[in-house]
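Residue numbers start from 1 in every chain, and the chains themselves are labelled A, B, ... in the order their sequence lines are given, proteins ahead of strands.
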Amino acid sequence: MIDWSPIILTFELALITTLILLVIGIPLAYWLSKSHSPFKPIIEAIVSLPLVLPPTVLGFYLLITFSPNSAIGSFFGDTLGIELAFSFTGLVVGSVIYSLPFMVQPLQAGFSKVPKVLSEASYSLGKSKLQTLFKVVLPNAKSSTLTGIVLAFAHTVGEFGVVLMIGGNIPNETKVVSIAIYDEVESLNYTNAHIYSGILLGITFLILLVVYSKNLKAVFIHD
Amino acid sequence: MIKVNLHQQLKSKGHQFVMTPEFEVKTGELTAIYGPSGAGKTTLLRQLAGLAIPDQGRLEVNSQVWFDHVQNINLKIQDRKIGVVFQDYALFPNLNVRQNLEFALEKGQNKSIIDDLLSTMELTDFSSQRPQYLSGGQQQRVALARALVRQPDILLLDEPLSALDHKLRRTLQDYILQVHHEFGLTTFLVSHDLPEIFKLADQVLKLVEGHVVAQGSPETIFSTQEINSEYKTIGTILSISDSKNQPSFKVLVDQTIMQIPVQLEDIKSFKTGDQIMVVSENFNPVVVKL
């Protein structure tokens with residue numbers, strides 16, 4: 001019988017990461033879609049870095065940053081009592097950074113497509129910028145929001161290099177399913193590797209199938 | 001009283017110009033803003049709305065300062081008592097007609113105004129429809145109704161009827177006139193359509209390159225240029241009737257087909273599709289080929 005904890009941990013990580021990315025991604029993408037600031041290209045480049053950077057490079061820098069010897073690591077460890085290196089919290093932070101472009105880019109593209117005049121109409125009807133974002137812009141960028149959620153979730157489920165670098169292989173803490181598969185293959189335990197891989201393949205395919213199925217598209221992406 | 005004296009550097013179609021609208025309008029009047037493309041008509045509406053911020057100047061509405069460069073006052077658009085009907089209506093596609101109107105309700109505002117407006121605009125039957133499934137005229141009425149929910153002092157209409165056919169235009173002009181009087185509004189209407197301006201406007205602001213070059217009643221503004229004492233119009237010959245009793249051309253003028261009686265000998269030099277000018281001299285039509 002296989003150990004189910006890596007699978008549960010993976011989806012827990014993906015869920016928390018996606019929720020945090022929604023909270024960070026919506027205002028960030030909204031700002032990027034509206035801004036003419038000279039800093040915009042710099043922010044866009046930073047957000048997109050994880051797309052091109054090898055996960056091990058990102059993982060290596062995060063590991064250095066999370067280490068108790070660094071200012072950030074010691075601040076979190078000593079002041080807040082949160083260990084980032086080789087911990088689930090560290091994995092969440094790493095995953096949020098690693099999957100950031102997968103949430104921000106679809107959202108930014110979706111927000112840019114919502115006609116500016118709709119926001120102006122909302123302002124002229126007495127609504128604030130925040131009310132306009134949540135009541136006008138987001139509902140008219142539903143398909144992009146859904147794409148962002150699915151991509152961020154799927155990308156977090158599939159991550160390996162970053163997790164290995166900053167989380168290692170601690171059962172119930174950082175041993176996500178991709179690490180578990182690697183571990184089982186290393187131990188030549190192909191049956192378990194097959195089971196984990198099959199479950200991961202099946203569940204992720206199902207999620208994507210449900211999201212992209214025509215029925216749900218009609219509900220979510222209508223208009 | 002609305003007092004406008006603003007200054008804003010603008011770029012229009014590649015060339016820069018300074019917009020300096022300066023005028024006063026009495027409360028309760030319907031003012032048409034008229035002028036060539038790129039004259040700054042929409043920008044003027046946006047300045048009044050608070051969507052465009054002038055560099056300098058002052059805007060005062062009923063003794064309340066909405067913008068004053070010297071005193072550093074710029075009332076937020078949300079705090080200006082305005083209703084805006086945008087050129088392409090800007091209805092929220094994710095909301096149905098009723099929800100579009102309800103969106104505009106202020107905290108604690110009596111909801112009964114929604115039903116009143118839906119009924120005034122004859123939209124009650126469509127209230128659960130999404131705007132994209134409505135005709136242009138219906139969408140225009142929704143936009144107008146939505147702009148009135150907050151019971152604004154000033155209604156700003158940016159060529160609201162330009163996308164509609166002529167018949168519908170005439171009907172919707174009646175709605176605009178009705179709400180302008182019923183709600184005691186001060187209305188600004190950007191329009192290129194002279195019949196529309198004559199029908200609706202108490203006065204016209206003629207804008208050229210950002211300056212108000214003339215202000216007055218439609219009659220005084222247009223009498224020297226566009227309206228001549230003799231009737232003159234341009235049209236296309238649709239068909240030619242060479243009936244001996246009453247030879248005539250059927251001419252398409254604007255969207256209307258007119259029958260113009262002509263002399264039998266005239267017919268030979270014209271063919272269908274010709275662009276002609278019809279001039280009325282002492283009530284007798286004269287046809288000139290263009």
Side-chain angles (χ1 to χ4, degrees), chain A residues 22 25-27 29-31 33-38 106-150 211-212 214-223, chain B residues 42 45-46 48-53 75-96 99-109 113-114 117 129-133 139 142-160:
Chain A
L22 262 181
I26 288 171
Y30 188 56
W31 179 78
S33 73
K34 302 274 166 217
S35 173
H36 300 288
S37 158
L107 280 178
Q108 186 185 343
F111 293 165
S112 302
K113 271 190 217 151
V114 176
K116 192 177 153 204
V117 73
L118 289 187
S119 297
E120 292 183 343
S122 169
Y123 302 150
S124 80
L125 297 168
K127 302 297 174 245
S128 68
K129 282 191 174 170
L130 202 65
Q131 286 170 313
T132 303
L133 168 60
F134 284 102
K135 289 183 173 175
V136 176
V137 179
L138 257 182
N140 286 301
K142 261 187 203 163
S143 61
S144 308
T145 311
L146 196 66
T147 306
I149 291 171
V150 171
V211 168
Y212 288 116
K214 276 187 179 167
N215 288 338
L216 267 175
K217 254 188 179 173
V219 176
F220 281 112
I221 311 177
H222 194 57
D223 308 326
Chain B
T42 298
L45 279 200
R46 293 175 67 82
L48 295 175
L51 285 165
I53 302 165
L75 201 64
K76 279 193 300 179
I77 175 171
Q78 287 90 348
D79 298 330
R80 300 186 182 199
K81 287 203 81 182
I82 49 157
V84 186
V85 176
F86 294 87
Q87 198 169 2
D88 51 4
Y89 315 137
L91 297 171
F92 304 125
N94 55 312
L95 304 176
N96 67 28
Q99 290 164 337
N100 259 279
L101 266 64
E102 283 173 348
F103 181 90
L105 282 171
E106 290 179 333
K107 255 190 184 169
Q109 192 181 349
I113 191 165
I114 304 290
L117 281 167
Q129 296 239 35
R130 295 274 181 103
Q132 55 272 43
Y133 301 119
Q139 289 186 24
V142 179
L144 190 55
R146 188 182 66 177
L148 296 171
V149 172
R150 292 174 79 207
Q151 295 174 297
D153 292 335
I154 298 184
L155 182 62
L156 303 168
L157 307 164
D158 189 3
E159 293 192 61

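Heavy atoms closer than 4.5 Å to chain A are found nowhere in B/L95, neither backbone nor side chain. Of the atoms belonging to B/R46, it is side-chain heavy atoms, and not backbone ones, that fall under 4.5 Å from chain A. For B/A104, the parts lying under 4.5 angstrom from a heavy atom of chain A are both the backbone and the side chain. Contacts of B/F86 with chain A are made by side-chain atoms alone, with heavy-atom separations under 4.5 Å and no backbone atom involved. Residue B/D79: no heavy atom, backbone or side chain, is found under 4.5 Å from chain A. No part of A/S119 comes within reach of chain B, as not one of its non-hydrogen atoms sits under 4.5 angstrom from that chain.
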Kindly indicate, with the supporting measurements, whether the criterion side-chain contact (heavy atoms from CB on, under 4.5 Å) is fulfilled by A/K135 and B/F92.
CA-CA 10 Å; A/K135 289 183 173 175; B/F92 304 125; over 6 Å; no
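Across all their heavy atoms, B/R150 and A/S124 have their closest contact at NH1-O, 2.9 Å.
The backbone N or O of A/S128 sits nowhere less than 3.5 Å from a side-chain atom of B/K76 that would complete a donor-acceptor pair.
Note that the CG atom of A/L125 and the CD atom of B/E102 stand 13.0 Å from one another [nearest 0.5 Å].
Residues of residues 151-160 of chain B lying within less than 4.5 angstrom of chain A, judged on heavy atoms, are absent.
Side-chain contact check for A/L118 versus B/P93: some heavy-atom pair is nearer than 4.5 Å.
Most heavy-atom pairs under 4.5 Å with chain A, from the set B/Q78, B/Q87, B/R80, B/K81: that is B/Q78.
Checking B/I77, B/L51, B/V84 one by one against A/E120, the side-chain contact (heavy atoms from CB on, under 4.5 Å) holds for a single residue, B/L51.
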